[in-house]
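When reading the values below, keep in mind they use all heavy atoms of this one structure, side chains included, and skip hydrogens, waters and symmetry mates.
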Amino acid sequence: METRLIDVDDDAVCTRAYDVIVASKNHERPWNEPPSLAETLVEWRHVDKSEPMEMWGAWDGDSLVGVATIWLPMEDNTSMVWHDVQVDAAHRRRGAGSALVERIVGRATEVGRPTLVTDCIVPAGDDGHPYGRFAEKHGFRLSNTEITRHLELPVDDDLLARHAEHARTRWEGGYRLETHVGGVPAALQPSLCAVMNQLGVDAPTGDIEFEEESLTPARYEEHLELFRRQGRTRVTTVAVHEASGDVVAYTDLMLPAGAPSVAWQWGTLVHKAHRGRRLGMAVKVENLRRLQADHPERSRVITTNDDTNSWMVSINEDLGFRVVERNPAYQRSLA
């Protein structure tokens with residue numbers, strides 16, 4: 001089994017890499033709806049200086065059978081290597097996964113990163129899944145487990161109205177809600193980035209200790225341009241503190257172009273100084289309302305949360321999200 005760097009400008013190799021990743025992620029997951037090859041290629045070919053990406057392939061003879069993706073954060077959490085390993089289900093148990101892990105360890109050693117971080121997706125009720133055993137075999141230890149939930153759309157309007165009104169009694173007078181498609185205006189970006197940067201340190205992450213992120217308005221705009229080139233739609237609702245004009249809570253939905261029935265729930269966070277006013281429920285309800293009004297073709301929202309995050313879990317359950325999968329996260333120290 002040979003591993004070598006994938007040329008992201010090689011259409012044929014990238015098409016095969018995409019097929020390998022989709023085959024791996026679809027295995028035992030009939031509900032999975034991957035993004036299209038076209039939008040995936042835009043992402044792979046985008047050069048992010050703040051978090052460079054590398055893709056390594058495992059070849060069995062002339063056949064590409066596995067792909068490892070490595071991310072190297074350059075402005076925060078610089079002791080870490082984020083990575084993902086996918087092997088075509090039809091080619092497993094032949095050494096491709098192990099070869100790719102060895103390659104990742106080698107790259108982390110070369111660039112002086114002592115901590116490897118990864119996660120996987122397993123059925124909700126399976127505590128002894130082969131993915132976990134594979135990680136532990138290669139020196140990784142379980143650090144955290146998040147839960148993936150699905151929300152079937154449309155959500156009943158009366159249910160949304162009840163939650164919205166219950167929340168309004170707590171926040172009205174001190175805040176306003178705004179929903180934006182394709183990114184928030186420039187005036188709101190500094191305070192939005194400040195809140196978004198807290199997500200990694202505020203949300204429960206088990207034994208994995210993250211630093212505050214370093215998102216800036218310039219990088220935020222770079223991301224927005226990437227999403228536009230991918231054909232993706234980002235729907236964001238924010239709560240703005242009237243007295244300061246700052247964003248103090250936000251929630252994001254991302255609508256992939258090539259997966260037309262799903263919406264991905266990205267970050268949701270309320271600044272710690274403004275909690276206790278039901279702003280989390282308020283922004284999520286408003287975002288769902290906009291999603292359902294503008295995109296009736298979307299039939300499912302997918303979200304992932306640490307189950308110890310009782311505040312967010314209760315909001316999701318109140319809205320009708322149901323448990324589908326688990327996302328155990330693992331880390332390995334090379335120090």
Under 4.5 Å between side-chain heavy atoms, counting indirect links through other Ile/Leu/Val/Met/Phe/Trp/Tyr residues: same cluster for V85 and I70 or not? yes
Does R300 count as lying over the ring of W31, i.e. NZ or CZ under 6.0 Å from the six-ring centre, within 45 degrees of the axis? no
Taking it one step at a time, do M55 and M53 satisfy side chain to side chain contact (heavy atoms under 4.5 Å, CB included)? CA-CA 7 Å; M55 294 178 64; M53 181 198 77; 3.7 Å; yes
Check: Y131 ring centroid to H129 ring centroid under 6.0 Å: yes
Under 4.0 Å between a Lys/Arg side-chain N and an Asp/Glu carboxylate O for D307 and R149? yes
Hey, what do you get for OH (Y250) to CG (L199), rounding to the nearest 0.5 Å? 4.5 Å
Flag the pair E317 and R322 as a salt bridge only when some basic side-chain nitrogen lies within less than 4.0 angstrom of an acidic carboxylate oxygen. no
Are E136 and R133 ion-paired here, with the side-chain N under 4.0 Å from a carboxylate O? no
Between N327 and C120, is there a side-chain heavy-atom distance shorter than 4.5 Å? no
Given the options H241, H274, E242, Y175 meets side chain to side chain donor-acceptor pair (under 3.5 Å) only with H274
Within a strict 4.5 Å, meaning less than it, do heavy atoms of the T233 and D294 side chains meet? no
Heavy-atom pair with the smallest gap, counting every atom of L279 and W171: CD2-CB, 3.6 Å
Are R4 and E2 close enough for a salt bridge, meaning some N to O gap below 4.0 Å? yes
Quick check: does any side chain N or O of D246 sit under 3.5 Å from a backbone N or O of V248, one acting as donor and the other as acceptor? no
Can you spot which of F140, Y330, W71 makes a ring-ring contact (aromatic ring centres under 6.0 Å, His included) with H83? F140
Is it true that a side-chain atom of N197 and a backbone atom of L215 form a donor plus acceptor pair closer than 3.5 Å? yes
Check the hydrophobic clustering (I, L, V, M, F, W, Y; side-chain heavy atoms under 4.5 Å; chains of links allowed) and say if F134 and V65 are grouped together. no
Using the side chain to side chain contact (heavy atoms under 4.5 Å, CB included) rule, take V122 and E325 through it: C-alpha gap first, then chi angles, then the decisive distance, then the call. CA-CA 6 Å; V122 302; E325 297 172 308; over 6 Å; no
Given 3.5 Å as the limit, does a donor-acceptor pair link the side chain of T78 with the main chain of M74, or not? no
Check this for me, if you would: do R232 and E39 make a salt bridge, where the nitrogen-to-carboxylate-oxygen distance has to be below 4.0 angstrom? yes
Mark yes or no for whether D156, through its side chain, and L159, through its backbone, hold a donor-acceptor pair below 3.5 Å. yes
Consider only side-chain N and O atoms of S24 and Q86, and report whether a donor and an acceptor are under 3.5 Å apart. yes
For a 4.5 angstrom cut-off between non-hydrogen side-chain atoms, does T268 reach K284? yes
Minimum heavy-atom separation for M1 and A99, please, with both atom names. CG-CB, 4.0 Å
Looking at every heavy atom in both D76 and S214, which two are closest together, and how far apart are they? OD2-OG, 2.7 Å
Go through Q198 and E213 one step at a time and tell me if the side-chain hydrogen bond (donor to acceptor under 3.5 Å, both in side chains) criterion holds. CA-CA 7 Å; Q198 292 298 306; E213 294 185 27; over 6 Å; no
Chi angles and distances behind the side-chain hydrogen bond (donor to acceptor under 3.5 Å, both in side chains) call for T236, D252: CA-CA 5 Å; T236 306; D252 270 323; 2.4 Å; yes
Hydrophobic cluster membership, with links at side-chain heavy-atom distances under 4.5 Å among I/L/V/M/F/W/Y: are I315 and V313 in one? no
Are L153 and L291 packed together at the side-chain level, in the sense that at least one heavy-atom pair is separated by less than 4.5 angstrom? yes
Heavy atoms, side chains only, cut-off 4.5 Å: are D119 and E146 in contact? no
With side chain to side chain contact (heavy atoms under 4.5 Å, CB included) as the test, would you mind laying out the steps for R290 and V181 before giving the verdict? CA-CA 9 Å; R290 184 62 174 267; V181 177; 3.6 Å; yes
Under 3.5 Å, is there a donor-acceptor pair between the side chain of Y220 and the main chain of V184? yes
Before giving the answer on side-chain hydrogen bond (donor to acceptor under 3.5 Å, both in side chains), spell out for T148 and T304 the whole-Å C-alpha distance, their side-chain angles and the decisive distance to 0.1 Å. CA-CA 4 Å; T148 295; T304 302; 3.0 Å; yes
Indicate if V262 and V323 have the same hydrophobic cluster label, given that clusters are the connected sets of ILVMFWY residues with side-chain heavy-atom separations under 4.5 angstrom. no
Under 3.5 Å, side chain of T15 to main-chain N/O of D11, donor-acceptor pair present? yes
From R107 CZ over to E102 CD, what is the distance, rounded to the nearest 0.5 angstrom? 15.5 Å
Reported CG-to-CG distance for the pair D48 and L72, which is rounded to 0.5 angstrom: 11.0 Å
Give me the atom names and distance for the closest heavy-atom approach of L64 to G57. CD1-CA, 3.6 Å
Taking the six-membered ring for Trp, are W266 and W264 parallel (under 30°), tilted (30 to 60°) or perpendicular (over 60°)? parallel
Counting distance only, does the side-chain N/O of R113 pair as donor-acceptor with the main-chain N or O of A108 below 3.5 Å? no
Taking C-beta and beyond as the side chain, do T179 and V235 meet within less than 4.5 Å on heavy atoms? yes
Measuring only between side-chain heavy atoms, which start at C-beta, is L116 closer than 4.5 Å to V105? yes
Closest heavy-atom contact between S50 and E75? OG-OE2, 3.0 Å
Can you tell me how far the CE atom of M312 sits from the CG atom of N316, to the nearest 0.5 Å? 6.0 Å
With side-chain hydrogen bond (donor to acceptor under 3.5 Å, both in side chains) as the criterion, how do E33 and S261 come out once you've worked through the C-alpha distance, each side chain's angles and the decisive distance to 0.1 Å? CA-CA 8 Å; E33 189 173 351; S261 72; 2.3 Å; yes
Without swapping roles, check the side chain of H271 against the backbone of A273 for a donor-acceptor pair under 3.5 Å. yes
Contact between E178 and L188 at the side-chain level, heavy atoms closer than 4.5 Å - yes or no? yes
Please check if the side chain of D88 supplies one atom and the backbone of H91 the other of a donor-acceptor pair under 3.5 Å. no
Is the backbone N or O of V87 less than 3.5 Å from a side-chain atom of R92, with the two atoms forming a donor-acceptor pair by type? yes
How long is the span from the CG atom in L319 to the CD atom in Q265, to the nearest 0.5 Å? 9.5 Å
Nearest heavy-atom neighbours spanning V42 and R229: CG1-NH1, 3.4 Å
Thinking salt bridges, do R289 and D157 make one under a 4.0 Å N-O criterion? no
Taken to the nearest 0.5 Å, the spacing of L151 CG from S299 OG works out to 10.5 Å
salt_bridge(E222, R219) N-O dist < 4.0 Å: no
